[in-house]
There are 2 protein chains.
Amino acid sequence: MQQLEELVTSLRKEGFRITPQRIAIVEYLLKTEEHPSADHIHKTIQKKYPMVSLSTVYKTLDLLKEKKLVSEIEVEGEARFDAHTDEHINLVCMNCGKIEDVDENSLKEIQNRAAKKSKYLIVKSSFEMFGYCTNCKSKFN
Amino acid sequence: MQQLEELVTSLRKEGFRITPQRIAIVEYLLKTEEHPSADHIHKTIQKKYPMVSLSTVYKTLDLLKEKKLVSEIEVEGEARFDAHTDEHINLVCMNCGKIEDVDENSLKEIQNRAAKKSKYLIVKSSFEMFGYCTNCKSKFN
DNA sequence: CATTTAATTAGGAATTATTCCTAATAAGGA
DNA sequence: TCCTTATTAGGAATAATTCCTAATTAAATG
Ligand SMILES: [Mn+2]
Ligand SMILES: [Mn+2]
Ligand SMILES: [Zn+2]
Ligand SMILES: [Zn+2]
């Protein structure tokens, strides 16, 4: 996800209104690496902007997904959002829920092979690995 | 997932009871390739065994997951179940929901690299690609 | 700056997949 | 056949997400 300024400009150019709610959400997503849930985004930005509703968070996330500015992954029945939209692997800690990124440049190739083999038209992909992070793994062996 | 007979034997040996409900669910999962949801499993086996409740389907699926006889993937807020438990890629059609398997032997390597790079202890992984199947893709281009 | 209007928001209700609860049932051992 | 206890049915509870609508407000216009 790009810088806030360019992003605001490009949204405005497309006819979208720039509201404090949208700025707060985008600003937060730009700087965090924690792959927050909608609820977590809501709670976090409420500290600074108390007048943001959860349904606005959801609607803004829909917009950002459509503009391909964030990607969504589903973890244990909950959507988590990621401003890192390049193809990468998300490592999910099954204990604390922490998510870490790992870039992997062979994903594109695999995607091409799968498309060729299956004849599907592939649009996006989602690769998650589940396990225990460095903090948690000592408790599980 | 193995054959029904061995599976029943091994479950019984572990002290689990063999009920008609469990047999119906396992039998169905063994022969289908459609990655059904809990609800779909329920509706399907009800035709043959009308006295199976949805909560039993859920509980049986929990058991089978724990025994690693089925794996679970989440697609659009719904869990889908797969008796193919080797590492593979699931191709999900975003129009009709069909899911197809693609085996990919480089996944193990990638998993090892990710584990090494991140120091996570990796337990399982889930690789989905989303797009349009051969039936649906003509409608989307 | 004041006015206009259509996009956006807040907040609660509705929806839906899943989990939880508990009395009734039945698998399997004796 | 009887007994014990795991399992089931079925409905209630839960929780994430979507839907609905009146009120608000961004930003275009003059
Ligand atoms: Mn990520
Ligand atoms: Mn599969
Ligand atoms: Zn952790
Ligand atoms: Zn399709």
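So you know, we letter chains A, B, ... as the sequences are listed, proteins then strands, and number each from 1. We use all heavy atoms of the structure for the numbers below, so side chains are in, but hydrogens, waters and symmetry mates are not.
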Interatomic distance where [atom1] belongs to [X] and [atom2] belongs to [N] [whole Å]:
{"X": "A:Ile73", "N": "D:dT17", "atom1": "CD1", "atom2": "P", "answer": "12 Å"}
{"X": "A:Glu76", "N": "D:dA15", "atom1": "CD", "atom2": "C1'", "answer": "14 Å"}
{"X": "B:Glu78", "N": "C:dT19", "atom1": "CD", "atom2": "P", "answer": "13 Å"}
{"X": "B:Lys43", "N": "C:dA17", "atom1": "NZ", "atom2": "C1'", "answer": "12 Å"}
{"X": "B:Glu66", "N": "D:dA6", "atom1": "CD", "atom2": "P", "answer": "15 Å"}
{"X": "B:Gln21", "N": "C:dA26", "atom1": "CD", "atom2": "P", "answer": "9 Å"}
{"X": "A:Ile18", "N": "D:dA27", "atom1": "CD1", "atom2": "P", "answer": "6 Å"}
{"X": "A:Arg22", "N": "D:dT25", "atom1": "CZ", "atom2": "P", "answer": "15 Å"}

Exercise for review: Name the nucleic acid region contacted by A:Pro50, choosing base, sugar-phosphate or nothing; use a 4.0 angstrom heavy-atom cut-off, strictly under.
Suggested key: nothing
Exercise for review: In sequence, state the C-alpha distance, the side-chain angles, and the governing distance for B:Gln46 and B:Thr44, and then conclude on side-chain hydrogen bond (donor to acceptor under 3.5 Å, both in side chains).
Suggested key: CA-CA 5 Å; B:Gln46 263 194 334; B:Thr44 304; over 6 Å; no
Check your understanding: Say you draw a straight line from OG of A:Ser126 to CG of B:Asn90; how long is it, rounded to the nearest 0.5 Å?
Key -> 11.0 Å
Practice item. Would you give the length of the straight line joining atom CD1 of B:Ile73 to atom CD1 of B:Ile99, rounded to the nearest 0.5 angstrom? Key: 4.0 Å
Review point. Which one, D:dT17, D:dT8, C:dT18, comes nearest to the side chain of B:Leu54?
Key: C:dT18
Review point. From D:dA26, C:dA10, D:dA9, pick the nucleotide closest to the side chain of A:Met51?
Key: C:dA10
Review point. Taking for each residue the nucleotide of DNA chain C bearing the nearest heavy atom, is the 5' side occupied by B:Asp62 or by B:Thr19?
Key: B:Asp62
Review point. So which one's nearest nucleotide on DNA chain C is more toward 5', A:Phe16 or B:Ala79?
Key: A:Phe16
Practice item. Using a cut-off of strictly less than 4.0 Å, decide whether A:Tyr58 has a side-chain nitrogen or oxygen near OP1 or OP2 of D:dT17. Key: yes
Review point. Is the shortest side-chain N/O distance from A:Ser55 to OP1 or OP2 of C:dA10 below 4.0 Å?
Key: no
Check your understanding: For A:Glu33, does the CD atom sit with more than 12 other heavy atoms under 6.0 Å from it, leaving out its own atoms?
Key -> no
Review point. Hey, is the side chain of A:Arg17 pairing donor to acceptor with the base of D:dA27 inside 3.5 Å?
Key: no
Exercise for review: May I ask you to say whether A:Glu72 pairs ionically with A:Arg80, meaning some side-chain N is under 4.0 Å from a carboxylate O?
Suggested key: no
